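The chains referred to below are lettered A, B, ... by the order of the sequence lines, with proteins before strands, and numbering in each begins at 1. Predicted, not measured: the structure shown is a model, and the values here were computed from it.
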Amino acid sequence: MIAEVIVDVAAHPIDRPFDYAIPKRVEVLAEPGMRVKVPFGNRKVLGFITKIKQTSDFDPKRLKPIHELMDVIPVLNEELLQMAQWMKKQTVCFEIAALQVMVPAALRAKYEKRFVLNAELEEIASPLRPYFENRSFIRLQDAVDVYALLKKEMDKGTIIADTDIQQQTAVKKVRMIHIADTVEALEAIEIRANAKQQLKLMEYFFKNLGQSIESSQLQKLAGVSLPTIYSLVDKGAAQISNMESYRDPKLLSTIEHKESLQLTGAQQTAFDQIESALNTPKTFLLHGITGSGKTEIYLQTIDQVLKQGKEAIMLVPEISLTPQMTIRFKERFGDQVAVLHSGLSAGEKYDEWRKIQRAEVKVVVGARSAIFAPFQNLGLIILDEEHESSYKQDDSPRYHARDMAIWRSEYHQCPVILGSATPSLESYARAQKGVYELLVLEKRAKNQPLPAVHIVDMREELRNGNRSMFSVQLADAIRDRLDKKQQTVLFLNKRGYSSFVLCRDCGTVMQCPNCDISLTYHRSSEMMKCHYCGYDERVPTICPECESEHIRFFGTGTQKVEEELAKVVPEARVLRMDVDTTRTKGAHEKILSAFGEGKADILLGTQMIAKGLDFPNITLVGVLSADTTLHLPDFRAAEKTYQLLTQVSGRAGRDVLPGTVFVQSYTPEHYAITLAKDQLYEPFYEQEMAMRRASGYPPYYFVVNIQFTHEDLMTVAEYADQTVRYLKGQLSPNTLIIGPSASLISRVNNRYRYQCLIKYKKESKLIDTMQQLIKIHRTEWLKKGATLSIDMNPTSVM
DNA sequence: AGCACGCCGACT
DNA sequence: GTCGGCGTGCTC
């Protein structure tokens with residue numbers, strides 16, 4: 001028997017199956033989708049079996065055997081293996097990358113170089129001996145001091161280099177204590193009268209004959225320590241065993257089961273349409289304004305799917321996977337739910353994944369990668385906040401969860417629901433064309449009015465001599481809410497806009513030495529950091545160029561806003577939520593729940609507060625600067641701005657108290673701002689579509705972004721230029737090729753970056769041409785040190 | 001990608 | 001004479 005194996009080596013010539021002989025003794029076990037350890041060249045690597053067959057085209061005498069099977073049950077099923085091949089084609093990625101992304105990180109290989117003793121301890125140089133005293137190997141990282149000596153030994157062959165493959169598959173084990181079944185068994189045991197602890201435990205045993213209990217539980221219940229338990233186990237009063245267990249992610253509140261809510265008329269209509277399409281591979285676009293009750297429709301549809309005995313995947317953007325959302329699902333579906341999000345440790349994620357694999361759960365709620373949940377009998381896939389860019393992975397494999405969802409829906413013959421208050425133009429256009437079925441919710445579920453949105457012209461404020469970042473109206477409103485003991489959310493649209501340091505004498509802005517970008521000022525650590533390569537240095541006290549002392553910190557980081565805010569409302573209790581304050585695990589939830597409990601008057605934050613905030617006492621939302629996303633050199637700038645404003649405004653007045661929103665802008669007449677004011681999606685869609693049509697962007701054209709990097713500017717320009725000429729010769733005349741041009745950030749980590757854009761409507765040779773391009777890259781440019789990256793349907797072209 | 005092989009210049 | 005630089009080629 002022969003296995004086709006995709007090995008864990010991300011390189012173009014390796015990106016195909018390699019044949020291996022399956023050793024006789026594991027022949028019955030080996031199955032496609034299992035991980036294997038195989039010899040590859042002169043090392044060992046991990047790989048996935050993708051196929052099992054009888055014969056190989058490769059010279060049978062040169063076939064190597066699989067070294068070791070890593071699984072008993074395949075980690076990938078037939079469906080996912082097929083999907084990986086499709087994904088490889090669609091996103092132009094390595095098949096191994098597609099396979100890896102489908103599996104929890106704990107199952108991916110970790111390679112560690114080490115030195116193994118290949119002789120008697122006495123044979124090697126004496127300074128080395130202590131290193132090998134009790135071990136047969138040492139790790140590379142522990143050997144830096146004696147590297148030269150090791151090298152000599154390696155030449156003699158007394159020590160050999162080796163790579164160890166480790167997996168972090170820590171299955172959590174718990175100690176189970178099984179108490180003896182009969183009184184007689186216990187009575188036969190003798191315990192000294194002064195062994196008080198043991199007697200205490202015996203007493204517990206007598207009361208709980210035949211029971212099995214986790215040792216940590218037992219310690220608590222019987223009030224004894226672990227050694228006491230062990231002594232009784234030694235005497236035969238109980239038995240001990242290890243049992244596999246799951247890590248239990250802590251939730252902040254207890255969960256009570258909740259029944260479905262009564263659907264409104266509009267909700268019911270949408271629900272009925274979806275329900276009648278269960279068991280068909282249909283895609284719905286559920287367009288419902290903020291607060292229209294989309295989640296309740298999801299919950300009830302999932303309920304129907306479960307009643308059919310099928311499973312459901314619910315995807316949410318990473319950022320909105322808040323405990324609130326998780327709790328809502330657990331309240332309805334109890335322990336049938338697994339949750340996958342970035343806040344979990346690798347072990348916790350693995351545990352949640354195993355619950356899915358073992359069919360112990362029926363619903364998974366998770367971020368992007370949860371689309372690969374290994375369900376066998378999928379009945380429904382939901383993408384909430386369908387327009388969110390986090391559904392597209394921004395490094396290889398550059399897949400979009402929406403495309404994966406639709407592929408799986410066809411495989412399982414089940415529907416997909418794309419939900420959003422502000423659908424992506426692509427999805428809405430497809431709904432208009434009838435590719436997706438459009439479902440609309442126009443009213444808020446509790447019939448609350450939309451918040452009153454006021455657009456504040458900041459140019460006007462400036463003319464009136466207000467140079468602060470708070471308009472008079474907003475400042476007044478904040479004070480008003482403070483008096484009324486209501487809560488305010490301030491949103492800082494920080495994207496493309498960060499704090500930098502400028503010398504007021506010579507105008508120098510501190511730049512990263514490796515990248516073409518200014519350094520960002522980090523107040524908490526008093527450091528200047530580069531967000532692209534990680535370079536950092538201490539904040540200067542004098543200008544590095546002209547040695548002037550007149551340096552100034554610019555920009556509006558959240559910390560800066562916090563300081564300004566303290567001047568406006570010194571008595572307010574402010575909670576700040578940004579990358580700095582949410583770095584630690586669970587910090588996100590802590591801040592949100594503190595705010596929800598009314599421990600602060602104002603929540604100040606960036607993007608991450610735009611979603612999932614649902615507290616009744618929030619009656620004011622302030623958007624400090626609506627424009628920062630608007631003027632980015634990207635075709636999605638207006639769409640992003642519209643979505644963000646709608647999203648943020650939706651945070652106000654979600655309960656009985658009406659909400660007010662102030663949007664501060666320097667371009668208040670822009671349609672993305674004026675139309676977001678009243679959540680007028682249709683007019684926005686029409687106007688933005690006209691822009692896209694005129695400029696040749698999605699949904700009118702498909703886009704491919706190709707990026708080139710090299711440490712030499714001339715070389716990368718030459719490479720980009722040649723590629724564009726090649727593409728023009730290959731692709732159809734109707735296809736537009738834009739560029740090449742230097743990327744917006746033209747240098748990162750001392751490498752120059754160029755890019756070009758392919759825009760096409762129909763291009764049957766596209767995938768082939770991309771594959772060809774990679775071949776050329778491999779043969780001509782790779783060895784010159786150039787890199788090539790292809791992004792199909794990029795979310796942004798900056 | 002990683003690793004060995006192999007072919008020329010700088011040292012003990 | 002040997003160490004070591006990195007070009008080239010291969011991996012079932």
Side-chain angles (χ1 to χ4, degrees), chain A residues 1-24 26-27 30 32 34-70 81 85 88 92-101 108-116 118 125 139-141 143 146-157 159-166 395-397 709-712 715 749 751 774-790:
Chain A
M1 297 272 269
I2 312 284
E4 284 188 5
V5 174
I6 299 288
V7 294
D8 181 19
V9 177
H12 294 294
I14 317 300
D15 189 26
R16 63 190 171 82
F18 283 81
D19 289 352
Y20 285 89
I22 303 174
K24 271 274 172 303
V26 294
E27 228 168 47
M34 281 180 175
R35 294 168 307 143
V36 284
K37 204 184 272 185
V38 291
F40 193 69
N42 53 348
R43 61 208 163 117
K44 286 199 175 60
V45 295
L46 221 57
F48 290 86
I49 300 180
T50 50
K51 196 175 164 186
I52 292 190
K53 56 188 184 181
Q54 295 299 326
T55 56
S56 170
D57 297 335
F58 192 75
D59 178 5
K61 289 188 287 295
R62 289 173 57 209
L63 270 185
K64 291 181 184 174
I66 288 173
H67 180 75
E68 193 185 342
L69 280 182
M70 303 292 286
L81 289 172
Q85 288 191 19
K88 167 185 177 175
V92 204
C93 71
F94 299 126
E95 192 165 343
I96 188 65
L99 294 167
Q100 299 276 33
V101 80
R108 306 209 264 265
K110 213 180 115 222
Y111 298 90
E112 190 182 71
K113 289 231 181 62
R114 59 190 203 179
F115 298 99
V116 182
N118 192 34
R139 291 180 298 177
L140 177 66
Q141 68 214 64
V146 287
Y147 188 68
L149 284 169
L150 283 169
K151 211 151 189 258
K152 277 210 185 92
E153 298 295 335
M154 280 164 66
D155 292 342
K156 286 198 284 178
I159 286 175
I160 48 178
D162 183 31
T163 47
D164 182 47
I165 304 172
Q166 294 178 329
D395 44 79
S396 178
T709 80
H710 195 272
E711 46 191 28
D712 176 52
T715 313
N749 242 328
R751 298 181 66 84
I774 287 170
K775 227 171 241 168
I776 297 170
H777 174 253
R778 221 166 90 192
T779 50
E780 288 177 34
W781 293 94
L782 189 64
K783 49 177 167 281
K784 290 183 191 160
T787 70
L788 172 76
S789 111
I790 300 173

Q | Contacts of A/T715 that satisfy side-chain hydrogen bond (donor to acceptor under 3.5 Å, both in side chains) - sequence neighbours left out | A | A/D712
Q: Could you pull out all residues at least two apart from A/N749 that satisfy side-chain hydrogen bond (donor to acceptor under 3.5 Å, both in side chains)?
A: none
Please enumerate all residues that pass side-chain contact (heavy atoms from CB on, under 4.5 Å) together with [X], with sequence neighbours excluded.
{"X": "A/P397", "value": "A/M87, A/T91, A/C93, A/A97, A/V101, A/Q393, A/Y399"}
{"X": "A/A786", "value": "A/H710, A/Y719, A/W781"}
{"X": "A/V26", "value": "A/I22, A/P23, A/L69"}
{"X": "A/R16", "value": "A/F18"}

Q.
What residues from residues 55-66 of chain A pass a heavy-atom cutoff of under 4.0 Å to DNA chain C?
A. A/F58, A/R62, A/L63, A/K64
**Q.** Distance, rounded to the nearest Å, where A/D15 contributes CG and B/dA1 contributes P
**A.** 12 Å
Q: Would you kindly give the CZ-to-C1' distance between A/F94 and B/dG2, to the nearest whole Å?
A: 14 Å
Q) Looking at residues at least two apart in the chain, or sitting in another chain, which of them share a salt bridge (charged side-chain N to carboxylate O under 4.0 Å, His left out) with A/E68? A) A/K37
Q: Apply salt bridge (charged side-chain N to carboxylate O under 4.0 Å, His left out) to A/E711 and list each qualifying residue two or more places apart in sequence or on a separate chain.
A: none
Between the protein and nucleotides 3-7 of chain B, which nitrogen or oxygen pairs are less than 3.5 angstrom apart?
{"from": "B/dC3", "atom 1": "O3'", "to": "A/N42", "atom 2": "ND2", "distance (Å)": "2.6"}
{"from": "B/dA4", "atom 1": "OP1", "to": "A/N42", "atom 2": "ND2", "distance (Å)": "3.3"}

Q) Hey, does A/P39 reach any base, or is it just sugar-phosphate, or nothing, if we go heavy atoms under 4.0 Å? A) sugar-phosphate
Q | Smallest separation among heavy atoms of A/R35 and A/F48, with atom names | A | CG-CE2, 3.6 Å
Q | chain A contact limits on DNA chain C, taken 5' to 3' with a cut-off of 4.0 angstrom to heavy atoms | A | C/dT11 to C/dC12
Q | Pair listing, side-chain hydrogen bond (donor to acceptor under 3.5 Å, both in side chains) test, anchored in residues 55-66 of chain A, at least two apart | A | A/D19-A/S56
